[in-house]
Amino acid sequence: GAVVSQHPSWVICKSGTSVKIECRSLDFQATTMFWYRQFPKQSLMLMATSNEGSKATYEQGVEKDKFLINHASLTLSTLTVTSAHPEDSSFYICSAPYRDRGVSPLHFGNGTRLTVT
Amino acid sequence: AQSVTQPDIHITVSEGASLELRCNYSYGATPYLFWYVQSPGQGLQLLLKYFSGDTLVQGIKGFEAEFKRSQSSFNLRKPSVHWSDAAEYFCAVGPSSGGSYIPTFGRGTSLIVHP
């Protein structure tokens, strides 16, 4: 159990275009999902917390108008990078907590490599 | 505030040798502790977790970790490393209150395995 599917695994887009990344919990419901960004050889940076049926909570310094998050159902959250620029190129990973004996470790998608040209 | 320190950026071992990756945490109470592994270009996979009870925790792929409260440590070990274990390893700490939470990750340790 606790499978998180992320799509696409990689995407190349031109500057100024928008890109949507999907994150699905396949065998459990996730009222909360987390979106991370990872720079090469670095740890995970939490960008935002996606909440089903309500607005996402963004971490300090993350532009909510650039990184649009929608969590329309209990199994799907999407991250849209709007008007992408080369500096948005990065590895984006989603995760969802899966309750296990009262605690909820995070389970991660396989990530999306975004390259903006 | 909670924090995690992984003092080793890189660790190099020979295949078949034993492995220990260090993790120290800072937290006011007994935390929940996790080790994740990340293969290149992939997401993170949960190796093992500590909630309470036995301080020696067994995980997948032959890994184990030991919680030592006196040293605020949760080191990851494997008795015999395989070439496929080469990856990035992240230690994470979460608050001991129940329910969903946001863990804090260490910066990661890159494991290099020589044949």
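Every heavy atom of this structure was used, including side-chain atoms; hydrogens, water molecules and symmetry mates were not. Everything numeric here is computed off the predicted structure, so don't read it as measured data. Letters go in sequence order (proteins before strands), and every chain restarts at 1.
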Review point. Hey, is NE2 on A:His85 packed in by over 12 heavy atoms from elsewhere, all under 6.0 Å?
Key: yes
Check your understanding: Side chain, backbone, both or neither: which part of A:Ser9 has a heavy atom under 4.5 Å from chain B?
Key -> neither
Practice item. Under 4.5 Å heavy-atom distance to chain A, tell me which part of B:Leu44 shows up: side chain, backbone, both or neither. Key: both
Point to revise | In one Ile/Leu/Val/Met/Phe/Trp/Tyr side-chain cluster, 4.5 Å: A:Ile69, A:Met47 | key: yes
Check your understanding: Going by heavy atoms in the side chains, are A:Leu106 and B:Tyr36 under 4.5 Å from each other?
Key -> yes
Check your understanding: What are the two closest non-hydrogen atoms of B:Gln42 and A:Phe91, and how far apart are they?
Key -> O-CE2, 3.4 Å
Point to revise | Atom group of B:Glu88 that falls short of 4.5 Å from chain A, counting heavy atoms | key: neither
Can you list, pair by pair, the side-chain donor-acceptor contacts under 3.5 Å of residues 102-115 of chain B, counting residues two or more places apart and other chains?
{"from": "B:Thr104", "atom 1": "OG1", "to": "B:Gln2", "atom 2": "NE2", "distance (Å)": "3.0"}
{"from": "B:Arg107", "atom 1": "NE", "to": "B:Gln6", "atom 2": "O", "distance (Å)": "3.3"}
{"from": "B:Arg107", "atom 1": "NH2", "to": "B:Pro7", "atom 2": "O", "distance (Å)": "3.4"}
{"from": "B:Thr109", "atom 1": "OG1", "to": "B:Gln6", "atom 2": "NE2", "distance (Å)": "3.3"}
{"from": "B:Thr109", "atom 1": "OG1", "to": "B:Asp8", "atom 2": "O", "distance (Å)": "2.6"}

**Study point:** For A:Trp10, the rest of its hydrophobic cluster, which grows through side-chain links under 4.5 angstrom
**Key:** A:Ile12
**Study point:** Shared hydrophobic cluster for A:Ile93 and A:Val62 (ILVMFWY, side-chain gaps under 4.5 Å)
**Key:** no
Exercise for review: Using non-hydrogen atoms and a 4.5 Å limit, figure out which bit of A:Gln6 sits close to chain B: side chain, backbone, both or neither.
Suggested key: neither
